[in-house]
Structure formats: C-alpha cells, structure tokens
Amino acid sequence: MALVAPAKPKINTNPTQPGRDRAARRAPGKAKAAGRGPARVTGDARESVRDSARVVVEAGCGILVYPPEAAGQPWRAVFTENGRRRFRQARTEAELAAKLAKVTERLRAGAPDMERPGADLIAHYLDPDRLPVSRRWSRRHADTQRRLCRRFAAPVIAAVTCQDITPGHMQQIVNAAPTASEGDRLHRCLSAMVTAGIKGGYLANPRLREVHWQAAGRPVPEPAASTSGESALWVDPAEIPASADVARLGQALALGRRGELDELMAHVAAYAGLRQGELFALTAGQIATGTRVITVDRKLVEVAGHLYVEAPKCRKFRATIYPVTTPAGYPLAGKLAARIEQARAEQDAGRNPLGLIFPSPRFGHWRSSNFDRRVLAPAYQAAGWRDEHGTGAWTWHSLRHVFCTTALFGWKLDATDVSRMAGHANYRITLDMYVGTTAGILDRARHATQ
C-alpha cells in the first residue's frame, strides 16, 4: 500500500497580506487609499527561499516582512541600511507598518543619518570640511552662523531626532528672533542648513525651509517702498551724501582727538572706495603716490573679540585710484603722500611696526566697535549726519556710494571700470545700484510723444 505524503500546513495571509493573484494584490492598496482600517504592510507576497511553506512580503526598498507563523509571535522585518543588516519587529501588523514608514522614508531618500540627533545636523552644517576649500565661509560669516545656531536652533532641535524635525520646529526657531531683520537672517541660516542636511543624509523634507518670521504682536517695520522697475540693489540718491556733506563730516572728524588723520580717512573712503576694514588694514606699501593707485589686498575683521587680517571681500584683490583734489577742494593726493611719509617714519622708529596709514591711538589695528563709538558717533552729530537720538540716513558705508557715483557721473568712467575699482562682482551690479533700469524713461517717453 502506497503511503500518502501528509499535506503541508498553509498559513492564511488573507486578513493581513495580499494574495498571489492580481485581484487580491490590488485589494490592500484600495483599502489603504480609502483610508479604512489600521495601517497595513503592503507589497508582493512570495514563498521564502529557505522554507517554501513560509510567506515573505517584499515591501519595497529591500525590506522583507515575515508575518507570524503562529499566534502570539511578532511581525518581523529585515532590511539593509548604511551597509548594515537591520531588523524591526512589532506585536501587530499596524505597529510594524508604522515603524517601517520611517525606514522606507530613509531608504528612499538615501539618508541613513536621519536617526541621529539634531545636534549632529547642526555640527554637520557648521563643519568647514563640508565645503570645498575654495568655497569655505569667511571667518565673520562662520561666526555669525555659529552664533545663530547656538542661540536659536540648538535649544529647539539639538535633542530631536533628525527624522522627527518638523516645519513646526523650524517655525519655532525663526519666531524666536527678536526682530524681522534678524528673523530673515535666521531663515536664511535654516534654509542653508536644510539644504546641507538633505545633501548630507540627515534630512529628507525640503518643506522644512518654508518658514518665515511671524510678528505675533511684536512691532513690525513698515514695508520698504521701492521704485517701480528698479532692482532691489538700487540705491536711492537720498541715501548718498553730497560732496559738501562729506566735507562736513571730514571737518567734524578734524575736531576730534586725532584731527587730520581721521579727516583723511573719510576722504579716502569717499573718493577711493575702500571699505572700513580695508582702511583699518591699509599700509604705506599699498599706495603708489606717483600713479595715485591703492592696491587693496587685505582687510581687517573682528570675530568673537579677535582681530584677523585676511583677503578682501569675496577673496578678490583689486586696485583703485584717488583724485588729486576732491570735488569740495580737499587736497587728497598731497595729504595722503604726507601721511605715507609720516607712517614710514613711525615704522622706522618702531612706533608703528606695521606701517599702518590709519592706526589706532596705540598704533595697532582699530576695532570697528571702538572706532564707531569713540570717533564716528560724535562726528556724525557734529556734521549733522545724526540727530540727538542717533538717527540718520547716512553711515560710513555711504562713503562708498559717494565714490561710485562720483566715478560714474563726475569722472564719467565706464561702469565696468567702476565695478572693478569698487570690488563689485560684475558691472551689472554697479549699473543696478547707481544707474538703475528706469533711467531715461521719461526722456524717451517725452521724445516719443512730441
């Protein structure tokens, strides 16, 4: 009598897994789309390679799900992430599906570091090795980003898992800024952090960037008005001092502690276009009196209380020129030549070892905070640039606007020449700032309508 092989036991997966026919495979998807019932593990069911009696569900992204073979056993899942074989298990299918949702998000985004805390995301963003050497941040920008992250971002997300960071967390960070302008700067910091986090595998949701500062009852400045058709870079003529205004500032500085030296600095800024940090680092060796050329190859920056001499803005050297006499009659070339001889004498005597043209009273580098408080603040009021409350439209940086407009409209230089002497990235910026895009509109319209 022939023996009959016992039938292999079968596992009923209909309540929890799709069947092997197409209709059954479509059913779970339809149920999920309709939003009925608990979370389900979806995928294609097949026989296990090791045990044909065992059902395995291929859930996508390389995740294999093993339903329980007997009552009371857990649901298990196996997947490979970041080169390591990992596991998940839960008592019910719904619990496992919830756990696998985060796993699937990471695997699809290729972001294995999403399980790390937000403190690691911040550290990655601030890490200088994240960027190529040629594109690393300047010292000042790096210090600003560290300050913003330490003050605003870290208290909110440092202890939160990167995958659990939500737009609500980002909104909380931005809203902590005291003013709208600080909120805008903080938003730019967070936007760059999210971009770095997505590229570095810490984040996957670009919507984390879509936040903005909310007033929430705090005072908000009126929206700034602009001229129709003009670039956002456009500098209104009212923001640019006239030559007489520059002369008054120089005269007010001449009444200060160092007299003519501070007056000379103001005129060099206004008619050679040097920034404040470039003036503080300026040495006698950078000036050629015969050709009236200043080579701008360094600047001074103050970061966290420390002074550094580094390359100029955007790490671009440039050369600029200064006039013999300013429009208001100040003998700039003669005064600067005399100061160069004086600085060299000070250097030979050991008092001014760096040969600085505009040293501090102790013949070292000026700190911008000290210079602004001790020298500029009283001069601004004496010259009428500030009222008794310290309010005014012009700043030291306004002197650079004087240089550019004088070169364009007074000396009649080409915009490309002015952009190179001023250190702009390209001549289009010079045109947008000082010539504008709507110049001549009324003249052309008047001519056309005659």
Side-chain angles (χ1 to χ4, degrees), residues 138-140 143 246-247 249-313 317-322 326 330-383 385 395-397 399-400 403 423:
S138 66
R139 287 189 179 92
R140 177 170 292 176
D143 180 70
V246 177
L249 178 62
Q251 293 164 5
L253 290 168
L255 299 176
R257 176 180 176 182
R258 301 196 308 164
E260 293 186 356
L261 187 58
D262 294 332
E263 180 184 20
L264 175 62
M265 189 192 303
H267 284 91
V268 173
Y271 298 105
L274 272 67
R275 300 178 177 90
Q276 189 181 70
E278 295 166 349
L279 289 166
F280 291 164
L282 184 64
T283 63
Q286 294 175 250
I287 306 173
T289 56
T291 56
R292 292 182 282 111
V293 171
I294 300 177
T295 301
V296 184
D297 58 6
R298 69 198 71 176
K299 71 176 179 182
L300 183 75
V301 295
E302 182 177 356
V303 177
H306 299 281
L307 297 177
Y308 301 92
V309 176
E310 60 184 28
K313 187 175 181 180
F317 298 163
R318 71 181 193 278
T320 185
I321 202 166
Y322 57 93
T326 69
Y330 181 81
L332 180 54
K335 293 283 188 180
L336 192 53
R339 173 56 195 155
I340 291 172
E341 293 301 321
Q342 184 182 22
R344 285 173 175 163
E346 294 168 353
Q347 188 176 25
D348 293 340
R351 290 192 300 158
N352 185 2
L354 299 176
L356 297 174
I357 297 297
F358 304 113
S360 69
R362 296 184 179 181
F363 293 96
H365 287 121
W366 265 113
R367 293 181 181 272
S368 59
S369 55
N370 292 342
F371 180 78
D372 294 347
R373 183 179 67 256
R374 299 176 184 176
V375 179
L376 287 184
Y380 281 157
Q381 290 195 19
W385 281 37
T395 66
W396 185 265
H397 190 75
L399 298 176
R400 269 181 55 85
F403 167 73

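Ion pairing of Glu278 with Arg318 is present here, as a side-chain N (NZ or NE/NH1/NH2) and a carboxylate O approach within less than 4.0 Å.
Of all heavy-atom pairs between Tyr322 and Thr289, the closest is OH-CA, 3.7 Å. What you find for Leu307 and Glu302 is that their closest heavy atoms are CD2-CB, 3.6 Å. Minimum interatomic distance between Ser138 and Glu310 (heavy atoms only, all atoms of both residues): CB-OE2, 4.4 Å. Closest approach of Arg292 and Ala333 over heavy atoms only: CD-CB, 4.1 Å. Between Leu356 and Phe363, the shortest heavy-atom contact is CD1-O, 4.5 Å. For Ala319 against Val293, the heavy-atom pair with the smallest separation is CB-CG1, 4.1 Å.
In this structure the side chain of Leu261 never reaches within 4.5 angstrom of the side chain of Leu253, judged on heavy atoms. Looking at heavy atoms from C-beta onward, Leu300 lies out of side-chain contact with Leu279 at the 4.5 angstrom threshold. At a threshold of 4.5 Å between non-hydrogen side-chain atoms, the residues Thr395 and Trp385 do not count as touching. At a threshold of 4.5 Å between non-hydrogen side-chain atoms, the residues Val246 and Tyr271 count as touching. Using a 4.5 Å heavy-atom cutoff, the side chains of Gln276 and Asp372 are in contact.
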Exercise for the section: May I have the step-by-step check of side chain to side chain donor-acceptor pair (under 3.5 Å) for Gln342 and Arg339, ending in yes or no? Expected result: CA-CA 5 Å; Gln342 184 182 22; Arg339 173 56 195 155; 3.1 Å; yes
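Considering only residues two or more places apart in sequence or on other chains, Glu260 meets the side chain to side chain contact (heavy atoms under 4.5 Å, CB included) condition with Glu263, Lys335. Applying the ring pair (Phe, Tyr, Trp, His ring centres under 6.0 Å) rule to Phe371 yields the partners Phe280, Trp366, Trp396; only residues at least two apart in sequence or on another chain are considered.
Atom CG in Leu282 sits 8.5 Å away from atom CZ in Arg298 (nearest 0.5 Å).
A distance-only check finds a donor-acceptor pair linking the side chain of Thr320 to the backbone of Ala272 [under 3.5 Å]. When atom types are taken as modelled, the side chain of Gln347 and the backbone of Asn352 share no donor-acceptor pair closer than 3.5 angstrom.
When each of Thr283, Val268, Ile340 is tested with Ile357 by the rule side-chain contact (heavy atoms from CB on, under 4.5 Å), just one qualifies, namely Ile340.
Within 6.0 Å of the CZ atom in Arg373, the count of heavy atoms belonging to other residues, nucleotides or ligands exceeds 12.
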